[in-house]
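Note that the numbering runs from 1 along the sequence shown for the chain.
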Amino acid sequence: MEKNWYNQSPDEALKNLSTTKDKGLSQDEAKARLEKYGENALAAEKKKSFGEKLKEQILDPMIIILMAAALVSAFNGEALDAGIIIAIVVVNAFLSIYQEGKAEEAIAALQKMSSPKAKVIRDGDHIEVDSNTLVPGDIIILETGDIVPADLRLIESSNLKIDESSLTGESVPVEKEASVVYDGKMEIGDRENLAYSSTIVTYGRGMGLVIETGHETEIGKIATSIATVGDEQTPLQRKLAKLSKTLGILVLVICAVVLGVGVLYKHDPREMFMTAISLAVAAVPEGLPAIVTIVLSIGMGKMAEKNAIVKKLLAVETLGTTTVICSDKTGTLTQNEMTVVKVFTDGHVYDVSGTGYSPEGDVTRKDAKVTIEEDENLKILSSIAALTNDAKLQVKGGEASIIGDPTEGALLTFAEKAGNGLKELYNNFDRIEEIPFDSDRKMMTTFHDKILDDITSFTKGAPDVVLDRCSKILIDGKEVDLDDKLREEILSKNSEFARSALRCLGYAYRKHKDMPNEITSENIEKDMVFVGLTGMIDPSRPEAKAAIKECRTAGIRPIMITGDYLETGLAIAKDLGIATSDDQAIMGRELNEMSEEELREVVKEKSVFTRVSPENKVQIVTALKQNGHITAMTGDGVNDAPAIKKADIGIAMGITGTDVAKNTAEVILTDDNFATIVNAVEEGRIIYSNIKKFVAYLLSCNLGEVLIVLISILMNLPVPLIPIQLLWLNLVTDSFPALALGVERGEADIMNEPPRDPDEPILDTEIKITVAIQSIAITVATLLAYFVGLKWYGQAEGLGHARTMAFSALIICELLRAYTSRSIDKTVFEIGVFTNKKLVFATLFSFLLMLVVIYVPVLNDAFGLMDLGPKEIAVVIGSSLIPLVAGEIQKKVRFKKK
């Protein structure tokens with residue numbers, strides 16, 4: 001099939017596809033082509049099966065270590081140990097799958113299910129068919145409000161405008177002209193003679209020839225490119241994998257040391273092997289995967305409450321690591337609703353407040369409200385804006401929307417704000433005749449009776465064109481001659497508005513004693529009276545400005561990536577605080593000429609990227625990631641989807657977002673609010689901070705257990721803790737406090753800190769020191785209780801008592817250690833002992849469970865434990881305070897050093 005359809009005339013395109021404008025394809029030919037080219041639809045995203053999700057969970061490095069430990073335990077007759085480990089693995093896997101399934105259900109509820117129809121000519125008849133049955137060569141009829149059903153080469157157009165924001169990111173509808181034929185290559189946003197699948201006709205009518213369907217459309221190509229972008233590991237996945245690898249190596253080293261010591265001491269090899277297994281069990285924090293999953297699940301729920309649906313558990317934490325947020329402009333940072341913000345008439349500039357299509361707002365001059373009753377110029381200008389207009393403004397249930405062209409919708413809202421009620425205007429001043437807008441003369445004229453005593457023609461259009469057709473100007477409600485000085489003033493103000501990225505329109509009128517016989521542009525649109533200008537823009541979201549400021553405070557760099565023009569993008573970026581100077585902006589076509597190294601340098605300096613293609617967006621995100629940034633990409637359009645998938649964290653809009661964007665993203669904002677991203681980032685930071693706390697807590701406990709067993713072996717003593725006791729410690733005692741640490745409240749100044757280094761390990765230097773000190777303190781406390789027990793009862797007959805004392809001391813040490821883990825700097829008393837009620841209940845519950853396994857006869861036999869008397873309890877409690885005291889002293893020393 002021929003390509004570069006924009007280089008072909010309508011007749012050439014029709015000939016190349018063997019069809020005609022009047023008759024279209026025959027039904028038989030359409031059926032044959034449908035078999036050849038396939039349906040005009042994109043393949044539905046294949047959802048992961050339960051088996052695939054389960055496989056992902058089982059292949060986690062930490063889970064593999066646990067499975068290996070379970071197998072070894074089973075082969076050595078420790079069925080209970082093996083069963084407990086397997087149970088933990090199963091619970092962890094199913095919890096992850098359940099949470100991700102809940103997210104998928106929420107996303108499915110957001111997606112709009114629709115089966116668009118298309119008006120097509122076949123066998124010379126105008127019929128309506130399902131859009132998925134369209135084929136290359138079909139002739140399509142386009143009218144206002146239609147969704148373009150496939151990629152089309154326009155063969156007829158009449159004042160046709162199409163909203164391409166979902167594809168190109170350009171906020172203003174594009175004027176289309178079928179007769180245009182281009183030479184050479186044209187960018188997608190500049191092809192006036194083509195219409196693209198899934199875009200919306202906002203004005204006029206047209207006829208198009210289907211040139212591409214399904215995956216060959218521009219949207220289809222984007223969908224295909226998304227499929228080629230592979231899923232990447234999140235920072236937390238990479239860090240946990242590294243930690244798992246370190247633990248795996250540690251397990252092997254420990255086993256080798258124990259076996260070596262056993263040979264040296266000439267112990268029974270099987271006994272030494274079981275001891276090595278004990279150490280392996282002690283080294284691996286079996287509860288860690290489950291606790292990470294549960295904490296991320298809780299975070300997922302909190303984010304959902306704050307209007308952010310997270311599809312994957314690990315993406316919760318990734319939000320907290322974000323160093324750069326790349327955002328689309330239209331509909332994300334702006335409202336995607338054109339709004340009149342400036343008016344120039346009678347030599348004065350008026351400000352118009354309010355945003356979007358809601359008619360709430362005022363027209364002011366020098367901060368004083370102005371109405372049409374006191375300003376004749378404003379009355380006439382707003383009347384022209386409202387009456388030379390084919391859009392409809394609807395307000396239902398307090399929500400305002402427009403039917404038709406967004407530009408004309410903005411003018412209707414402006415008229416209402418000025419006090420010029422639309423209902424009264426429509427009732428009193430019918431449209432008698434009109435000269436429709438066309439892209440050649442860039443004007444529209446309508447005729448009305450009795451509005452200015454005579455029959456009057458109202459004209460709106462491009463300011464320079466309208467001004468050129470005027471001989472007079474309205475000043476203070478009176479018509480005066482339009483001299484060169486006044487013309488220069490109007491053109492200067494028009495340029496000033498344009499430099500602020502405002503879309504400007506000019507307004508004029510002409511009185512007629514009687515209805516003219518010849519209604520033509522040449523006859524009517526001349527010798528007019530110029531009234532004024534309006535300047536409009538797709539305004540930034542008010543909450544986005546505050547969110548951008550908070551991003552900067554948090555050390556997160558905001559970047560705007562848009563398909564809109566440079567002036568428009570830069571103006572919005574300056575208003576939001578993303579950019580401060582013109583040299584921070586660059587156009588997409590400049591990126592196409594750059595090498596990978598040059599692009600990596602450019603993204604360090606530029607904050608606004610305009611007129612970009614979907615491919616450019618991926619290039620920018622890739623360059624940022626190569627520079628070491630954790631990059632979030634937000635957007636709502638099909639054009640954003642490839643970059644959303646490429647980013648470390650992809651964020652889609654839930655209300656205005658296309659299904660392609662939602663399916664691709666890890667996070668969906670149900671309120672389309674940029675500020676929600678910042679809330680999600682804060683929650684992500686809190687979650688990561690808490691993960692570090694409980695990982696450090698678990699590792700200090702586990703390292704203490706390893707040292708306890710290893711030192712006793714090196715001293716040629718019986719091991720103080722057997723495998724089932726270690727499993728109880730790791731899976732039951734430690735898990736509940738660790739979970740409580742996972743829901744610790746965030747530090748008050750967490751969003752005033754810069755993002756952490758993406759390469760920073762989950763255990764930084766300070767935490768490693770804390771883990772080392774606490775491990776040693778736990779080891780000293782436990783061995784102290786153990787040695788006392790051995791001394792009192794003897795190594796042979798008193799081993800059960802000594803082990804019970806060690807077991808009890810270690811549990812209490814670890815429960816008290818949980819309180820010191822709540823902060824790296826603040827002491828328990830500074831934070832408040834009871835401020836985390838979940839931790840209080842968790843430690844109390846774990847303590848009660850310890851009493852159960854010690855004093856319930858059946859259980860203490862299974863665990864090899866014995867009842868403790870008052871003197872043993874006194875020793876246990878006394879020694880258990882050592883880690884708590886050591887931790888608090890360490891904080892005070894660190895504070896003094898700082």
Side-chain angles (χ1 to χ4, degrees), residues 169 222 225-242 310-329 332 548 551-552 554-563 578 584 586 588 590-610 612-635 637 639-652 661 664-667 674 677-678 680-681 684-685 688 754-762:
I222 292 172
S225 71
I226 293 169
T228 62
V229 179
D231 292 323
E232 298 182 17
Q233 281 192 321
T234 68
L236 183 60
Q237 277 178 309
R238 293 193 290 268
K239 289 171 185 177
L240 289 176
K242 188 175 181 180
V310 183
K311 290 163 69 175
K312 294 182 180 178
L313 283 180
L314 287 161
V316 173
E317 180 274 337
T318 309
L319 275 165
T321 69
T322 302
T323 58
V324 174
I325 298 178
C326 298
S327 178
D328 178 45
K329 177 184 75 69
T332 307
I548 294 293
C551 279
R552 292 204 176 279
I556 301 168
R557 181 184 167 203
I559 290 178
M560 178 191 288
I561 304 178
T562 177
I578 293 174
Q584 287 178 279
I586 189 171
E590 297 177 58
L591 305 181
N592 296 331
E593 310 299 323
M594 293 182 184
S595 66
E596 193 174 286
E597 291 74 20
E598 289 171 329
L599 190 56
R600 286 178 63 176
E601 291 302 313
V602 164
V603 297
K604 293 178 182 177
E605 303 168 0
K606 306 296 182 184
S607 297
V608 183
F609 296 84
T610 66
V612 294
S613 65
E615 292 79 14
N616 291 146
K617 294 186 180 187
V618 173
Q619 287 177 306
I620 294 162
V621 169
T622 302
L624 287 165
K625 290 176 69 175
Q626 288 172 343
N627 286 344
H629 286 291
I630 300 298
T631 306
M633 174 71 198
T634 76
N639 59 316
D640 302 312
I644 285 174
K645 183 155 189 181
K646 183 65 180 175
D648 292 294
I649 188 83
I651 306 169
T664 307
E666 284 89 15
V667 179
F674 184 84
I677 301 169
V678 181
V681 167
R685 286 190 175 191
Y688 184 77
R756 63 185 179 276
D757 183 347
D759 296 326
E760 173 195 295
I762 200 163

Hey, could you give me the [atom1]/[atom2] distance between [X] and [Y], rounded to the nearest 0.5 Å?
| X | Y | atom1 | atom2 | answer |
| --- | --- | --- | --- | --- |
| I651 | I677 | CD1 | CD1 | 4.5 Å |
| I630 | T321 | CD1 | OG1 | 4.5 Å |
| I578 | R557 | CD1 | CZ | 11.0 Å |
| I649 | T634 | CD1 | OG1 | 12.0 Å |
| S613 | Q619 | OG | CD | 7.0 Å |
| T622 | E596 | OG1 | CD | 8.0 Å |

Tell me the closest heavy-atom pair linking [X] and [Y], and the distance in Å.
| X | Y | answer |
| --- | --- | --- |
| D648 | H629 | OD2-O, 3.5 Å |
| G650 | A665 | O-CB, 3.4 Å |
| R685 | A554 | NH2-O, 2.8 Å |

In the structure I gave you, are the side-chain heavy atoms of [X] and [Y] within less than 4.5 Å of one another anywhere?
| X | Y | value |
| --- | --- | --- |
| F609 | N616 | no |
| I561 | M633 | yes |
| T322 | P755 | no |

| task | Could you give me the CA-CA distance, side-chain angles and deciding distance for I644 and K617, then say whether side chain to side chain contact (heavy atoms under 4.5 Å, CB included) is met? | result | CA-CA 9 Å; I644 285 174; K617 294 186 180 187; over 6 Å; no

| Is it true that R600 and E597 have a side-chain N and a carboxylate O under 4.0 angstrom from each other? |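 Salt bridge: no.
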
| said: Tell me whether N627 contacts the main-chain N or O of L624 through its side chain, where contact means a donor paired with an acceptor under 3.5 Å. | reply: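 Side chain of N627 to backbone of L624, a donor-acceptor pair under 3.5 Å: no, none is there.
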
| Are any side-chain N or O atoms of K625 and backbone N or O atoms of K646, one a donor and one an acceptor, separated by less than 3.5 Å? |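 Flag set: sc K625 to bb K646 pair under 3.5 Å.
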
| field | Of T610, I548, D328, V608, the residue whose pairing with M560 passes side chain to side chain contact (heavy atoms under 4.5 Å, CB included) | value |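 Among T610, I548, D328, V608, the one that satisfies the side chain to side chain contact (heavy atoms under 4.5 Å, CB included) with M560 is V608.
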
| query | Would L591 and K606 satisfy side chain to side chain contact (heavy atoms under 4.5 Å, CB included), going step by step from the backbone distance to the final call? | reply | CA-CA 12 Å; L591 305 181; K606 306 296 182 184; over 6 Å; no

